[in-house]
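What follows is a single structure, written as structure tokens, with notes after it.
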Amino acid sequence: MKIHKLRITAGIAVAALLIGAALAEQRLGSYTTQNTGKIVQAKPAALAEDSEYEMASLPSFDAELANGAGRAETQIYCGTCHTPRYITMQPPLPAATWEAEIQKMVKAFGAQIPQADAQKIAQYLHEHYTPETRQR
Ligand code: HEC
């Protein structure tokens with residue numbers, strides 16, 4: 001009778017330990033806004049004040065915009081958010097489509113392009129990137 005009770009007590013103790021371990025495991029991996037988990041990160045090494053840092057040179061692609069009047073404006077205004085390569089990677093587009101494209105950049109995406117420059121860009125795109133005018 002006594003041994004039987006001992007076994008039950010031992011069994012309950014083991015079960016409690018296992019459940020506790022399982023819950024602890026679960027808590028470790030459950031992140032909430034209150035509990036951000038317990039992954040401790042190593043403190044970053046202190047930077048020396050007289051250190052010198054260099055930037056790696058990253059590959060950049062030349063847009064290779066066609067030469068002509070309006071190229072500079074196009075390069076500048078159409079290259080602030082994305083590469084001006086967005087122009088050269090389009091198929092040749094009709095003039096009206098380029099007009100709409102410029103309007104879309106201004107109205108939908110907030111491109112800040114003075115009216116006079118927008119006209120130069122439109123003219124430039126017509127002269128080099130329509131089905132009639134595109135060279136390559
Ligand atoms: C204010 C930021 C901004 C400027 C400036 C800008 N674009 Fe865009 N452009 C975008 C965004 C955003 C997209 C769509 C998201 C993407 O594909 O990266 C886009 C996409 C494009 C596309 C792909 C087709 C499309 O409509 O999605 C072309 C072509 C394009 N732009 C041309 C131009 C030209 C030409 C100019 C200059 C007149 C210009 N962009 C200036 C933000 C800009």
Side-chain angles (χ1 to χ4, degrees):
M1 187 66 178
K2 260 195 163 177
I3 288 174
H4 186 64
K5 265 192 180 167
L6 252 177
R7 273 197 191 144
I8 290 174
T9 315
I12 289 171
V14 169
L17 274 176
L18 287 176
I19 291 168
L23 285 178
E25 188 73 17
Q26 195 191 20
R27 275 209 53 178
L28 258 182
S30 89
Y31 306 120
T32 64
T33 42
Q34 278 80 42
N35 160 35
T36 50
K38 295 217 167 133
I39 299 170
V40 182
Q41 296 197 0
K43 196 177 159 200
L47 303 176
E49 271 175 30
D50 57 350
S51 299
E52 282 180 27
Y53 300 95
E54 280 177 30
M55 288 286 290
S57 64
L58 298 170
S60 66
F61 300 96
D62 191 3
E64 288 180 19
L65 289 174
N67 284 321
R71 182 183 191 274
E73 287 82 353
T74 306
Q75 181 103 33
I76 293 163
Y77 288 111
C78 304
T80 45
C81 302
H82 50 65
T83 161
R85 206 157 170 256
Y86 270 39
I87 294 166
T88 56
M89 69 191 195
Q90 300 302 314
L93 298 174
T97 307
W98 280 121
E99 300 274 356
E101 197 62 36
I102 296 171
Q103 285 311 305
K104 177 180 166 186
M105 296 304 132
V106 171
K107 292 203 178 117
F109 300 139
Q112 303 282 314
I113 308 176
Q115 192 57 40
D117 291 310
Q119 268 163 16
K120 277 189 203 162
I121 293 168
Q123 190 62 34
Y124 171 81
L125 294 174
H126 298 171
E127 279 168 15
H128 302 280
Y129 294 99
T130 63
E132 300 79 28
T133 58
R134 182 143 185 179
Q135 298 293 314
R136 58 185 181 100

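The structure presented is a predicted model; accordingly, all values stated were derived computationally and were not measured. Start at 1 and go down the list; that is how both ligands and their atoms are numbered.
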Quiz item: Which atoms from ligand 1 have a heavy atom of Ile87 less than 4.0 Å away?
Solution: 35 (C)
Quiz item: Distance below 4.0 Å between atom 15 (C) of ligand 1 and any protein heavy atom?
Solution: no
Quiz item: At a 4.0 Å threshold, what atoms of ligand 1 neighbour a non-hydrogen atom of Ile113?
Solution: 38 (C)
Practice problem: Nearest 0.5 Å please: distance from the CG atom of Asp117 over to the OH atom of Tyr77. | Solution: 4.0 Å
Practice problem: For Tyr77, take its heavy atoms, then give the atoms of ligand 1 lying under 4.0 Å from any of them. | Solution: 5 (C), 41 (C)
Quiz item: Do any protein N, O or S atoms sit under 2.8 Å from atom 8 (Fe) of ligand 1, and which ones are they?
Solution: His82 NE2, Met105 SD
Practice problem: Return the orientation label for the His128 and Tyr124 ring planes: parallel under 30°, perpendicular over 60°, tilted otherwise. | Solution: tilted
Quiz prompt | Residues clustering with Ile8 (ILVMFWY side chains joined when closer than 4.5 Å, directly or via others) | solution = Ile12
Quiz item: Would you find a donor on one side and an acceptor on the other, under 3.5 Å apart, between the side chain of Thr133 and the backbone of His126?
Solution: yes
Quiz item: To the nearest 0.5 Å, what is the distance between OH (Tyr129) and OG1 (Thr74)?
Solution: 8.5 Å
Quiz item: Do you know which two heavy atoms are closest between Glu73 and Ile121, and how far apart they sit?
Solution: O-CD1, 3.8 Å
Could you list the donor-acceptor pairs under 3.5 angstrom formed by side chains in residues 49-58, with sequence neighbours left out?
residue	atom	partner	partner atom	Å
Ser51	OG	Ala48	O	2.9

Quiz item: Which atoms of ligand 1 have any heavy atom of Thr80 under 4.0 Å away?
Solution: 5 (C)
Quiz item: Is Leu93 close to Gln90 at the side-chain level, that is, under 4.5 Å between some pair of heavy atoms?
Solution: yes
Would you mind writing out the side-chain donor-acceptor pairs for residues 100-111 within the sub-3.5 Å range, not counting sequence neighbours?
residue	atom	partner	partner atom	Å
Gln103	OE1	Lys107	NZ	3.3

Self-check item: Atoms of ligand 1, numbered as shown, that sit under 4.0 Å from any heavy atom of Gln90
Solution: 23 (C), 29 (C)
